[in-house]
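Here the structure is laid out as C-alpha coordinates; the discussion comes afterwards.
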Amino acid sequence: MKKLLAILFCTVLITGGNAAMSQNLEQPFAQGEINPYGKFFTGTTYLSRLVEKDDIWNSSIANVTFEPGARTNWHKHSGGQLLLVTSGEGRYQEKGKDIQILKKGDVVKIPPNVEHWHGAAPNSWFAHISIEPNIPNNSVTWLEPVTDKEYK
(Lines give C-alpha, C1' and ligand atoms only; values in the text may rest on other atoms or scores of the structure.)
Protein backbone atom coordinates (compact mmCIF):
# COMPACT_ATOMS: atom_id res chain seq x y z
CA MET A 1 0.00 0.00 0.00
CA LYS A 2 2.83 2.41 0.86
CA LYS A 3 4.49 1.64 -2.48
CA LEU A 4 1.24 2.41 -4.36
CA LEU A 5 0.83 5.71 -2.50
CA ALA A 6 4.45 6.62 -3.26
CA ILE A 7 3.91 5.91 -6.98
CA LEU A 8 0.72 8.00 -7.02
CA PHE A 9 2.47 10.85 -5.21
CA CYS A 10 5.39 10.79 -7.68
CA THR A 11 2.99 10.72 -10.63
CA VAL A 12 1.18 13.81 -9.33
CA LEU A 13 4.50 15.58 -8.78
CA ILE A 14 5.83 14.72 -12.24
CA THR A 15 2.64 15.56 -14.15
CA GLY A 16 1.47 18.41 -11.97
CA GLY A 17 -1.72 16.45 -11.38
CA ASN A 18 -2.73 16.67 -15.04
CA ALA A 19 -2.87 12.92 -15.65
CA ALA A 20 -5.42 12.41 -12.91
CA MET A 21 -7.42 15.47 -13.96
CA SER A 22 -7.64 14.46 -17.62
CA GLN A 23 -8.94 11.02 -16.67
CA ASN A 24 -11.79 12.73 -14.81
CA LEU A 25 -12.81 14.66 -17.94
CA GLU A 26 -15.75 12.62 -19.11
CA GLN A 27 -15.99 12.73 -22.87
CA PRO A 28 -17.44 10.32 -25.42
CA PHE A 29 -14.25 9.92 -27.48
CA ALA A 30 -10.63 9.08 -26.74
CA GLN A 31 -8.42 11.98 -25.68
CA GLY A 32 -5.79 10.99 -28.23
CA GLU A 33 -2.11 11.80 -28.36
CA ILE A 34 -0.27 15.09 -27.95
CA ASN A 35 -1.46 17.32 -30.79
CA PRO A 36 1.05 17.21 -33.69
CA TYR A 37 -0.06 20.76 -34.60
CA GLY A 38 1.11 22.05 -31.21
CA LYS A 39 3.09 24.89 -32.78
CA PHE A 40 -0.27 26.55 -33.55
CA PHE A 41 -1.46 26.32 -29.93
CA THR A 42 -0.59 27.84 -26.56
CA GLY A 43 -0.45 25.14 -23.87
CA THR A 44 -0.93 21.40 -24.25
CA THR A 45 -3.65 19.86 -26.39
CA TYR A 46 -4.46 16.35 -27.56
CA LEU A 47 -5.86 15.16 -30.90
CA SER A 48 -7.83 12.07 -31.82
CA ARG A 49 -8.81 11.84 -35.49
CA LEU A 50 -12.29 10.36 -35.86
CA VAL A 51 -12.77 10.81 -39.63
CA GLU A 52 -9.87 11.61 -41.95
CA LYS A 53 -10.23 14.19 -44.70
CA ASP A 54 -11.71 12.56 -47.79
CA ASP A 55 -13.78 13.27 -50.88
CA ILE A 56 -16.65 10.94 -49.92
CA TRP A 57 -17.93 12.65 -46.75
CA ASN A 58 -16.43 16.07 -47.53
CA SER A 59 -15.33 16.60 -43.94
CA SER A 60 -12.66 15.96 -41.36
CA ILE A 61 -13.73 15.19 -37.78
CA ALA A 62 -11.50 15.15 -34.70
CA ASN A 63 -11.76 15.17 -30.93
CA VAL A 64 -9.56 17.92 -29.47
CA THR A 65 -8.83 18.03 -25.73
CA PHE A 66 -7.31 21.12 -24.10
CA GLU A 67 -5.54 21.31 -20.75
CA PRO A 68 -6.58 24.31 -18.61
CA GLY A 69 -5.58 27.58 -20.29
CA ALA A 70 -4.62 25.90 -23.59
CA ARG A 71 -5.90 27.52 -26.77
CA THR A 72 -5.47 27.73 -30.52
CA ASN A 73 -3.76 30.58 -32.31
CA TRP A 74 -5.99 32.93 -34.24
CA HIS A 75 -6.93 31.11 -37.43
CA LYS A 76 -9.54 30.78 -40.15
CA HIS A 77 -10.97 27.96 -42.26
CA SER A 78 -11.74 28.64 -45.92
CA GLY A 79 -14.70 26.24 -45.75
CA GLY A 80 -15.84 27.03 -42.19
CA GLN A 81 -15.75 24.92 -39.04
CA LEU A 82 -18.22 23.42 -36.56
CA LEU A 83 -17.42 22.82 -32.89
CA LEU A 84 -19.47 20.42 -30.75
CA VAL A 85 -18.57 20.87 -27.08
CA THR A 86 -18.43 17.51 -25.29
CA SER A 87 -16.87 18.30 -21.91
CA GLY A 88 -15.44 20.94 -19.60
CA GLU A 89 -15.55 24.70 -20.03
CA GLY A 90 -14.06 26.57 -22.95
CA ARG A 91 -13.77 29.88 -24.69
CA TYR A 92 -14.46 31.00 -28.26
CA GLN A 93 -13.88 34.37 -29.86
CA GLU A 94 -14.23 35.85 -33.32
CA LYS A 95 -11.95 38.78 -34.20
CA GLY A 96 -13.51 42.03 -32.99
CA LYS A 97 -16.23 40.34 -30.89
CA ASP A 98 -16.62 39.39 -27.22
CA ILE A 99 -15.38 36.05 -25.86
CA GLN A 100 -18.10 33.39 -25.50
CA ILE A 101 -18.07 30.87 -22.66
CA LEU A 102 -18.61 27.32 -23.94
CA LYS A 103 -20.17 24.45 -21.99
CA LYS A 104 -21.01 20.82 -22.74
CA GLY A 105 -23.71 20.64 -25.42
CA ASP A 106 -22.87 23.97 -27.07
CA VAL A 107 -22.51 24.12 -30.85
CA VAL A 108 -20.44 26.79 -32.57
CA LYS A 109 -20.95 27.41 -36.30
CA ILE A 110 -17.97 29.30 -37.69
CA PRO A 111 -18.53 30.73 -41.18
CA PRO A 112 -15.82 30.46 -43.85
CA ASN A 113 -12.83 32.80 -43.48
CA VAL A 114 -13.82 34.17 -40.06
CA GLU A 115 -10.75 34.76 -37.86
CA HIS A 116 -11.26 33.10 -34.47
CA TRP A 117 -9.70 31.10 -31.66
CA HIS A 118 -11.00 28.53 -29.17
CA GLY A 119 -9.66 26.75 -26.13
CA ALA A 120 -10.05 25.84 -22.49
CA ALA A 121 -11.07 28.11 -19.63
CA PRO A 122 -8.17 29.11 -17.35
CA ASN A 123 -9.01 26.50 -14.70
CA SER A 124 -10.83 23.80 -16.65
CA TRP A 125 -10.07 21.01 -19.05
CA PHE A 126 -12.09 21.30 -22.26
CA ALA A 127 -12.96 19.00 -25.16
CA HIS A 128 -14.78 19.52 -28.43
CA ILE A 129 -15.39 17.77 -31.69
CA SER A 130 -14.01 19.79 -34.59
CA ILE A 131 -15.72 19.33 -37.94
CA GLU A 132 -14.14 20.81 -41.03
CA PRO A 133 -16.75 20.65 -43.83
CA ASN A 134 -16.38 21.40 -47.52
CA ILE A 135 -13.35 19.22 -48.14
CA PRO A 136 -11.17 19.14 -50.23
CA ASN A 137 -11.16 22.93 -50.57
CA ASN A 138 -11.31 23.77 -46.84
CA SER A 139 -7.87 24.81 -45.68
CA VAL A 140 -6.71 26.33 -42.39
CA THR A 141 -4.73 29.55 -42.28
CA TRP A 142 -2.88 29.78 -38.97
CA LEU A 143 -2.24 33.28 -37.65
CA GLU A 144 -0.58 34.81 -34.58
CA PRO A 145 -0.94 33.39 -31.05
CA VAL A 146 -3.71 34.69 -28.82
CA THR A 147 -2.01 36.92 -26.26
CA ASP A 148 -2.61 36.52 -22.53
CA LYS A 149 -4.32 39.93 -22.59
CA GLU A 150 -6.72 38.82 -25.39
CA TYR A 151 -7.36 35.53 -23.60
CA LYS A 152 -8.31 37.15 -20.29
Side-chain angles (χ1 to χ4, degrees), residues 11 14-152:
T11 301
I14 291 168
T15 66
N18 289 339
M21 290 171 62
S22 67
Q23 291 175 353
N24 292 332
L25 184 70
E26 292 184 25
Q27 55 179 322
F29 299 98
Q31 176 176 296
E33 302 299 322
I34 294 285
N35 193 335
Y37 301 99
K39 68 182 179 181
F40 301 115
F41 291 73
T42 297
T44 304
T45 62
Y46 305 86
L47 179 69
S48 175
R49 289 261 178 227
L50 304 175
V51 175
E52 294 289 336
K53 291 183 177 185
D54 65 29
D55 295 335
I56 297 170
W57 302 108
N58 295 316
S59 66
S60 170
I61 303 173
N63 182 52
V64 186
T65 304
F66 298 76
E67 289 188 1
R71 56 198 180 265
T72 68
N73 284 7
W74 288 100
H75 64 287
K76 58 186 176 178
H77 301 263
S78 62
Q81 183 181 33
L82 300 165
L83 303 177
L84 310 175
V85 179
T86 58
S87 191
E89 182 180 310
R91 303 289 187 263
Y92 168 78
Q93 184 179 26
E94 293 180 5
K95 199 71 146 181
K97 295 187 179 179
D98 291 337
I99 293 174
Q100 297 176 32
I101 295 174
L102 301 177
K103 302 274 189 175
K104 182 178 178 179
D106 287 342
V107 175
V108 181
K109 294 167 58 174
I110 307 162
N113 296 310
V114 169
E115 288 186 29
H116 67 281
W117 67 268
H118 38 98
N123 299 310
S124 176
W125 282 76
F126 175 65
H128 67 56
I129 301 301
S130 170
I131 303 171
E132 295 178 24
N134 303 310
I135 302 292
N137 298 319
N138 188 351
S139 62
V140 181
T141 301
W142 290 103
L143 305 166
E144 69 278 357
V146 174
T147 65
D148 289 341
K149 185 177 178 181
E150 290 172 315
Y151 177 70
K152 295 178 182 180

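Residue numbers run from 1 in the order of the sequence given.
- When the shell of 6.0 Å around NZ of K103 is examined, it contains 12 or fewer heavy atoms from other residues, nucleotides or ligands.
- Here the CG-CZ distance, from N63 to R49, works out to 11.5 Å after rounding to the nearest 0.5 Å.
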Run the side chain to side chain contact (heavy atoms under 4.5 Å, CB included) check on V140 and E132 step by step: do they pass? CA-CA 9 Å; V140 181; E132 295 178 24; 4.1 Å; yes
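- N138 contributes a side-chain N or O that, together with a main-chain N or O of G80, makes up a donor-acceptor pair within less than 3.5 Å.
- Using a 4.5 Å heavy-atom threshold, the side chains of E115 and L143 count as touching.
- Between the side chain of N58 and the backbone N or O of P133 there is no donor-acceptor pair closer than 3.5 Å.
- Using modelled atom types, one finds a donor on one side chain and an acceptor on the other under 3.5 Å when comparing E150 with W74.
- Distance check: W117 CH2 to H75 NE2 gives 11.0 Å after rounding to the nearest 0.5 Å.
- The environment of CH2 in W142 is crowded: more than 12 heavy-atom neighbours from other residues, nucleotides or ligands sit within 6.0 Å.
- Within the 4.5 Å cutoff, side-chain heavy atoms of I101 are placed close to those of R91.
- Here the shortest heavy-atom pairing between S78 and S139 reads OG-N, 2.8 Å.
- Annotation for S59 and I131: closest pair CB-CG2, 4.3 Å, computed over non-hydrogen atoms.
- Note on ring orientation: taking the six-membered ring where Trp is involved, the planes of H118 and H116 are parallel (angle under 30°, cut-offs 30° and 60°).
- Within the 4.5 Å cutoff, no side-chain heavy atoms of V114 are placed close to those of K76.
- Taking a 6.0 Å sphere around CD of E33, one finds it holds 12 or fewer heavy atoms contributed by other residues, nucleotides or ligands.
- Residues Q27 and K104 fail the side-chain proximity criterion, which asks for heavy atoms closer than 4.5 Å.
- Shown here for E67 and W125, the closest heavy-atom pair between the two residues is CG-CH2, 3.1 Å.
- Distance alone, capped at 3.5 Å, places no donor-acceptor pair between the T42 side chain and the R71 backbone.
- The side-chain contact (heavy atoms from CB on, under 4.5 Å) with V64 is formed by just one residue from the set L47, I129, T86; it is L47.
- Of the residues T45, T72, T65, the one that meets the side-chain hydrogen bond (donor to acceptor under 3.5 Å, both in side chains) test with N35 is T45.
- Closest non-hydrogen pair, A127 versus L25, comes out as CB-CD2, 4.2 Å.
- At least one side-chain heavy atom of L83 sits under 4.5 Å from a side-chain heavy atom of S130.
- Annotation: side chain of I110 is in contact with side chain of Y92 (closest heavy-atom distance under 4.5 Å).
- Across all non-hydrogen atoms, the minimal contact from A120 to Y151 is O-OH, 2.6 Å.
- Taking all atoms of both residues into account, the shortest heavy-atom contact from S60 to K53 is CB-CG, 3.4 Å.
- Atoms CD and CZ, on Q31 and F66 in that order, are 12.0 Å from each other to the nearest 0.5 Å.
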